[in-house]
**Q** 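Provided herewith is a single structure, encoded as structure tokens, for subsequent inquiry.
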Amino acid sequence: MKEAKRNSFKGSIGFVLAAAGSAVGLGNIWRFPYLAAKDGGGLFLVVYIILALTFGFTLLTTEIAIGRKTRQSPLTAYDKIKKGWKPLGVIGCLIPILILPYYCVIGGWVLKYFLLYVTGHGMDAASDGYFGGYITQEVQPIIWLFVFLFLVAFIIYKGVNSGIESFSKVLMPILILMVLGVAIFSLTISHTDASGVTRTGMEGLKIYLIPNLDGLTVQKFFTVVMDAMGQLFFSLSVAMGIMIAYGSYVSDEANLVKSINQIEIFDTVVAFLAGVMIIPAVYIFMGQEGMAASGPSLMFVTLPKVFASMGVAGNVVGCVFFAMVFFAALTSGISILEAIVSSLMDQFHISRTKATILESIVGLMGGIIVCLGYNKWYFEFQLPNGATAQILDILDYISNNFFMPIVAIGTCILIGWVVKPKVVIDEAEKTGVKFGRKNLYVVMIRFVAPALLILLFLKSVGILRVI
């Protein structure tokens with residue numbers, strides 16, 4: 001009776017856009033271009049695409065199939081697949097709980113910058129020390145955190161159809177058009193620096209697309225593989241419970257194989273376009289050295305300086321860019337909160353309203369702690385991978401570098417060796433459609449994916465230092 005009442009996406013396009021919206025987040029925009037620039041441009045792209053079609057496809061298919069088969073959220077789905085595997089679901093649910101507070105803080109930063117450009121004050125963002133001065137304030141970041149979290153919570157409160165599906169159908173097409181528009185603009189501009197050197201967007205595109213094999217060794221190649229695989233976690237929203245939650249809302253009549261292929265295409269295209277959008281623009285105005293920026297420093301420090309260098313057009317481009325980043329952050333924030341809310345509903349049988357309010361309060365409290373980590377509660381902590389961290393970085397490290405590989409490895413063991421791949425294959429072929437990459441899936445889930453994930457985990461926690 002409970003399964004019959006469970007909401008579901010009205011159509012496959014709603015599911016694809018919602019899942020793609022989850023996948024297209026800040027990781028695609030501020031991490032993918034940096035890794036592409038660092039890891040030999042086209043070489044990283046080729047490795048990433050191969051991994052997306054094999055490794056990423058395997059994890060994505062597995063999680064969506066688990067969700068649809070069990071009609072459960074990540075907290076309860078694993079135990080339904082196999083008794084005794086509840087702890088894996090607990091970790092899978094803990095990941096979005098850890099991510100939500102700091103993701104909403106960053107979403108608040110995006111809103112603040114969008115407002116700057118909308119009001120014509122984009123040049124302020126380009127001034128030295130502006131970003132550091134803003135995040136160390138005690139009140140403003142908390143206000144924008146609250147606004148962003150409220151928007152996310154409101155959409156989740158509206159439900160699967162009226163909330164997630166309806167908003168995804170509007171936001172995703174606009175997001176794609178914005179990314180495409182800024183990417184095309186980046187290719188059309190040029191700039192002559194103080195030394196008289198002129199750089200063009202097409203030159204930046206060549207750096208992005210043409211593989212740079214200079215000094216490539218086996219060790220460096222494995223580094224590229226590990227970077228690309230780590231990026232896939234961000235890009236496809238796997239190993240954080242999201243795709244299990246969304247999969248539980250997919251109807252039995254939907255063509256799962258086709259939907260997964262479409263999600264892969266959506267995500268890869270947007271990730272690629274993020275590189276086209278950012279790398280040429282940064283190269284034109286800041287040269288090769290400017291392409292070393294990643295994470296918040298790329299989006300909130302480097303790019304505002306790039307927009308300022310564009311003159312009058314920079315404020316318009318900056319406005320469109322941060323609107324696009326806001327949509328990307330919003331669709332991902334929605335999926336993160338939904339993974340938690342659906343888990344609370346399934347585990348404790350409470351209403352969507354209660355679950356949304358409860359987790360929003362927890363997320364707000366956590367977000368305030370993250371904000372205070374840049375002022376009143378500031379400290380520096382050395383992570384196992386050598387990075388110096390504050391509260392936000394610690395939450396990010398625990399969720400992304402520790403728990404996510406563990407969940408992914410556990411999922412591969414469960415499906416590959418305990419209940420066997422046939423469980424997922426049968427779910428994918430439920431509607432009579434052929435599972436085209438069936439043999440590849442079996443090999444990946446049983447052997448290749450676990451091996452790669454163990455290497456990634458050892459590298460993430462600082463044990464494996466040779467790659």
Side-chain angles (χ1 to χ4, degrees), residues 17 19-49 51-52 56 103 106-107 109-110 113-114 171-189 201-202 204-210 224 227-237 263-286 290-304 306-307 317-333:
L17 289 175
S22 170
V24 178
L26 296 174
N28 273 25
I29 295 167
W30 76 23
R31 198 168 181 268
F32 188 94
Y34 156 74
L35 290 175
K38 178 178 83 74
D39 290 336
L43 175 63
F44 176 82
L45 284 177
V46 171
V47 171
Y48 179 86
I49 290 170
L51 284 175
Y103 205 91
I106 298 170
W109 297 349
V110 173
Y113 271 61
F114 174 60
L171 294 179
M172 282 308 294
I174 296 173
L175 174 63
I176 297 294
L177 288 175
M178 284 180 168
V179 173
L180 189 59
V182 177
I184 292 171
F185 177 78
S186 291
L187 299 180
T188 63
I189 53 180
M202 294 307 294
L205 183 64
K206 287 180 183 177
I207 291 175
Y208 179 43
L209 294 182
I210 298 175
V224 175
D227 283 348
M229 190 165 64
Q231 176 61 24
L232 276 168
F233 280 103
F234 296 97
S235 288
L236 293 176
S237 291
I263 294 167
E264 283 183 286
I265 292 169
F266 254 107
D267 175 73
T268 305
V269 167
V270 173
F272 171 77
L273 287 176
V276 177
M277 179 175 63
I278 291 171
I279 289 178
V282 173
Y283 170 75
I284 290 166
F285 294 101
M286 308 192 77
M291 295 163 62
S294 176
S297 65
L298 171 65
M299 187 175 299
F300 299 109
V301 179
T302 304
L303 286 176
V306 169
F307 299 146
V317 176
C319 184
V320 174
F321 174 80
F322 279 104
M324 182 251 334
V325 175
F326 167 62
F327 287 159
L330 186 62
T331 52
S332 294

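For the numbers below, each heavy atom of this structure counts, side chains included, while hydrogens, waters and symmetry mates do not.
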**Q** If you round to the nearest 0.5 Å, how far is CZ of F307 from CZ of F321?
**A** 5.0 Å
**Q** For the residue pair P280 and G201, what are the closest heavy atoms and their distance?
**A** CB-O, 3.5 Å
**Q** Among residues two or more places apart or on two chains, list those pairs meeting side-chain hydrogen bond (donor to acceptor under 3.5 Å, both in side chains) that have a residue in residues 265-275.
**A**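 Only N28-D267, Y48-D267 qualify under side-chain hydrogen bond (donor to acceptor under 3.5 Å, both in side chains).
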**Q** Kindly compute the distance separating CD1 (I189) from CD1 (I284), expressed to the nearest 0.5 Å.
**A** 4.0 Å
**Q** State the CD1-CE distance between I184 and M277, to the nearest 0.5 angstrom.
**A** 12.5 Å
**Q** Measure across I279 and G204 and return the closest heavy-atom pair with its distance rounded to 0.1 Å.
**A** CG2-O, 3.9 Å
**Q** Does the side chain of I176 reach to within under 4.5 Å of the side chain of F266, using non-hydrogen atoms?
**A**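 Yes, at least one pair of side-chain atoms sits under 4.5 Å.
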**Q** Does L26 form a side-chain contact (heavy atoms from CB on, under 4.5 Å) with Y103? I'd like the steps, not just the answer.
**A** CA-CA 9 Å; L26 296 174; Y103 205 91; 3.6 Å; yes
**Q** Could you walk me through whether I106 and M299 pass side-chain contact (heavy atoms from CB on, under 4.5 Å), step by step?
**A** CA-CA 11 Å; I106 298 170; M299 187 175 299; over 6 Å; no
**Q** So does S22 get a backbone contact from the side chain of S237, meaning a donor-acceptor N/O pair under 3.5 Å?
**A**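 Looks like yes, one N/O pair under 3.5 Å.
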**Q** Locate the shortest heavy-atom distance separating P304 from L298; write the atom from each residue and the value.
**A** CD-O, 4.5 Å
**Q** Supply the atom-to-atom distance L51 CG to F44 CZ, rounded to the nearest 0.5 angstrom.
**A** 9.0 Å
**Q** Look up atom CD1 in I29 and atom CG in L175, then write down how far apart they are to the nearest 0.5 Å.
**A**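 Answer rounded to 0.5 Å: 6.5 Å.
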**Q** I'd like to know whether L236 forms a side-chain contact (heavy atoms from CB on, under 4.5 Å) with L232, so could you lay out the CA-CA distance, the side-chain angles of the two residues, the decisive distance to 0.1 Å, and finally the verdict.
**A** CA-CA 6 Å; L236 293 176; L232 276 168; 3.8 Å; yes
**Q** Does Y208 use its side chain to pair, donor to acceptor, with the backbone of F272 at less than 3.5 Å?
**A**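 Checking the backbone N and O of F272 against the side chain of Y208, a donor-acceptor pair under 3.5 Å is found.
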**Q** Walk me through whether M324 and V182 qualify under side-chain contact (heavy atoms from CB on, under 4.5 Å).
**A** CA-CA 10 Å; M324 182 251 334; V182 177; 5.5 Å; no
**Q** Quick one: side chains of residues 31-38, donor-acceptor pairs under 3.5 Å with protein atoms, not counting sequence neighbours, listed by atom name and distance.
**A**
residue, atom, partner, partner atom, Å
R31, NH1, Q231, OE1, 2.9
K38, NZ, D227, OD2, 2.8

**Q** Using the ring-ring contact (aromatic ring centres under 6.0 Å, His included) definition, which of the options F114, Y113, F327 pairs with F322?
**A**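 The passing option is Y113.
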**Q** In Å and rounded to the nearest 0.5 Å, what is the CD1 to CG distance from I263 to L17?
**A** 9.5 Å
**Q** What's the shortest heavy-atom distance between M172 and G21, and which atoms?
**A** SD-CA, 3.3 Å
**Q** Counting distance only, does the side-chain N/O of T188 pair as donor-acceptor with the main-chain N or O of F185 below 3.5 Å?
**A**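 At least one qualifying donor-acceptor pair exists.
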